[in-house]
Every structure is written in structure tokens, then in C-alpha cells.
Amino acid sequence: MFTLLVISALAAGLAAPAAPVADPAMLSADRAFTQAVAHGDTTTVAGLLDQQFTWTDAGGATLDAARVRQALPKAAIADESRAEMKQYDYGQVGVVQVNAGKLHGLRVWVKRPAGWRLLVFQEVRSLDAPPVATPGTGKSCENPCGTVPYQPRSESERGVIAAYRGLEEAATTGNATAWSSYAADELALVSSNSDRVFDKPTRVAAIQRSTLGGVAPTRLLSARLFDFGTAVVMTSQHQPDRGDLLRITRVWVKRDGNWVETLSYQTAIRAGAPRPATTR
């Protein structure tokens, strides 16, 4: 089971469905992080970063923890007070999603012995209009539908890679029923190549109509998996048949013995993308 908290200052005064709150310690860490970024407080931010942390801005430029500690970037969504926020608790993995118009932010927290640490900060800017073409794998889908360039290191990783291949094959062949079995009910699919955010029902409908809306399986170039038992964080780089490389973050959870995808944030690595702006 997962827990979810949805906050929207835009909907202030409207009754929201009752929902259990995510781990208060994770929420506290997330607030401390966003406030520190807003105020250029590098010291506080540095103390909240995981050793494997990455910051990917809306243009696809990616910094590791060491470079963020040297020069703290600015967030694309500078003020989250009027943004829609969703927070999920997956045991040792916590997720915060932020939506502000065409800008979207993802923060993936992981529970370490010393407390909650931020593993992924990723931004996506949606298109202003529907895409003219959908970048994909090309004529065939051997990768990622068949073999992929990743060797699983645990039973959980083997299960996730199998589910990932199954999900991509189902999308490629237009099998919405099979695809749905690999997607969590709370799925959020956000891409630089699409003008909208997909949830599970809208994604199923798009697959049924064979109108993928700018999001399609793409060839996997490399991947890193972070195994937390019943939750696995997957970061990867992909090569579409056209357009820019993609940096994708996914969070998989195990439910009823099956691995399902809860989110997919896909940031295009724009050619010549500058490094993220910093507070210095």
C-alpha cells in the first residue's frame, strides 16, 4: 500500500479527499530542502543529499552531489506555494511531485541509516502544443522490449527489468490491457516530448487509440537501479529514433507479487544545454 497527500494552494477552501500523510520526517526534510534552495543555503542542501544524488534541470543538464555542493543551482519552479503537489510514501522511498503549468518537478527521497536523503531532483518542461511526431524505438523494439544493456544484481532488479520490458512491449504493440498490469493506479507520466501529463486512464486510452502523445518506448543506453526491497528507483538514459536523448527516472513498487511503475519523468537532453543556473 502507498500513502498519498495532495496539496494545492489553488484549491484552497475546497474539501479534499481524506488521505493518510506520508512520513513526517520525509516531509520535514523536503520542506527544509526547498526552503534552502530558495534561499541559496548550500550548507543545508548539502546535508540532505544522498551520495548518489543527481540534479537534472529542465534542459537535461545533470549535476552530481559534489557539483551541487560547489554551486547550488536554482529551481525552475521558484515558488511552490501555488503549485499542485503530490507526495507518496513507499516505505524506504518517498516521492514528491510538483506541477506548475508546463513546469514539473520530481524529488525522490530514500531512507538511509542517517535519515532521509534526496536521491533524485529532476525537472521537466512540457511542450506548449501537441507534438508533431512521437520519438520512439524505430521500426523494431528489440531494445527495450527484448534485451537491454543492464545486468540485474538482485531478485528485485530482475523483476523490475522484466516488468520494464513487458510494459514497453505492451505500449509498442498497443496492448492496453497488458500495459495496465504494469502500471500503478497513481501513475504519473511526464515528458519533455509531450504537452500533457498522463495518468493511468489517459495513458490507457492513448495506447488504445495508438496516439502515444509524444511518449513511446525508446532504446535504453544505460541504467542504474537502487534496490530498497519493495521499491526500486530506476534512472536511465535513452536514445529515441529522432530528437534528443532522454534522461528518465522511474519508481517501481511491488504489489501483490508484481512490480508496477508509479512514475516516469522524462527530460530531453537538449543539444548544447547549458549547465543549470546557480545561486552564485
Side-chain angles (χ1 to χ4, degrees), residues 3-10 12 21-125 188 190 192 224 226 228 231 233 235 247-249 251 262-263 265 267 269 273-280:
T3 58
L4 162 66
L5 175 65
V6 180
I7 301 174
S8 177
L10 291 174
V21 179
D23 187 333
M26 188 274 283
L27 297 178
S28 177
D30 190 70
R31 284 193 297 270
F33 172 82
T34 56
Q35 291 171 5
V37 170
H39 292 92
D41 183 354
T42 304
T43 300
T44 297
V45 168
L48 292 168
L49 303 184
D50 190 77
Q51 291 184 354
Q52 306 299 321
F53 170 80
T54 54
W55 177 305
T56 301
D57 74 359
T62 297
L63 302 177
D64 61 15
R67 293 176 69 182
V68 170
R69 292 184 181 110
Q70 292 172 359
L72 180 62
K74 296 180 180 178
I77 304 175
D79 181 5
E80 296 185 355
S81 64
R82 294 182 60 81
E84 177 194 54
M85 299 183 65
K86 297 182 179 181
Q87 299 154 339
Y88 297 88
D89 186 341
Y90 300 117
Q92 294 185 70
V93 175
V95 168
V96 178
Q97 301 172 8
V98 185
N99 299 302
K102 294 295 183 180
L103 287 174
H104 313 281
L106 171 69
R107 296 190 287 272
V108 180
W109 292 85
V110 295
K111 196 169 187 178
R112 301 296 192 184
W116 287 97
R117 296 293 182 267
L118 188 60
L119 179 65
V120 174
F121 178 98
Q122 185 165 344
E123 297 173 333
V124 180
R125 183 186 296 275
V190 186
S192 299
R224 297 187 71 185
F226 302 88
F228 292 89
V233 181
T235 61
R247 182 173 180 86
I248 301 179
T249 296
V251 173
T262 67
L263 62 86
Y265 273 62
T267 303
I269 304 173
R275 288 180 55 184
T278 68
T279 56
R280 292 184 179 180

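If you're wondering where the values come from, they're calculated on a predicted model, not measured in any experiment.
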- Message: For a quick check under 3.5 Å, do Trp116 and Asp23 share a side-chain donor-acceptor pair by atom type?
- Response: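 Yes, because at least one side-chain N or O of Trp116 sits under 3.5 Å from a partner of the opposite role on Asp23.
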- Query: Is there side-chain contact between Leu63 and Pro73, with heavy atoms separated by less than 4.5 Å?
  - Reply: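 Counting from C-beta outward, Leu63 and Pro73 do come under 4.5 Å.
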- Residue pair Thr235 / Phe226, side-chain heavy-atom distance below 4.5 Å: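 With C-beta onward as the side chain, the pair touches.
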- Message: Checking the side chain of Gln87 only, and the main-chain atoms of Leu27 only, is there a donor and an acceptor separated by less than 3.5 Å?
- Response: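 Checked: no pair found.
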Which residues share a side-chain hydrogen bond (donor to acceptor under 3.5 Å, both in side chains) with [X], sequence neighbours left out:
X      : result
Arg107 : Asp30, Glu80
Gln52  : Arg224
Ser192 : none

- Query: Could you walk me through whether Phe228 and Lys111 pass the side-chain contact (heavy atoms from CB on, under 4.5 Å) check?
  - Reply: CA-CA 9 Å; Phe228 292 89; Lys111 196 169 187 178; over 6 Å; no
- Task: Kindly determine whether Val45 and Phe121 satisfy side-chain contact (heavy atoms from CB on, under 4.5 Å), including the steps that lead there.
- Result: CA-CA 12 Å; Val45 168; Phe121 178 98; over 6 Å; no
- Query: With a cut-off of 6.0 Å (strictly less than), are more than 12 heavy atoms of other residues, nucleotides or ligands near CZ of Arg125?
  - Reply: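 No, CZ of Arg125 has 12 or fewer neighbouring heavy atoms, counting only those of other groups under 6.0 Å.
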- Message: In terms of relative ring orientation, are Phe53 and Trp55 parallel, tilted or perpendicular, with 30° and 60° separating the classes?
- Response: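 Ring orientation of Phe53 relative to Trp55: perpendicular.
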- Task: Mind running side-chain contact (heavy atoms from CB on, under 4.5 Å) on Thr267 and Glu123 for me, showing each step along the way?
- Result: CA-CA 7 Å; Thr267 303; Glu123 297 173 333; 5.8 Å; no
- Steps toward side-chain contact (heavy atoms from CB on, under 4.5 Å) verdict (Val95, Thr262): CA-CA 10 Å; Val95 168; Thr262 67; 5.6 Å; no
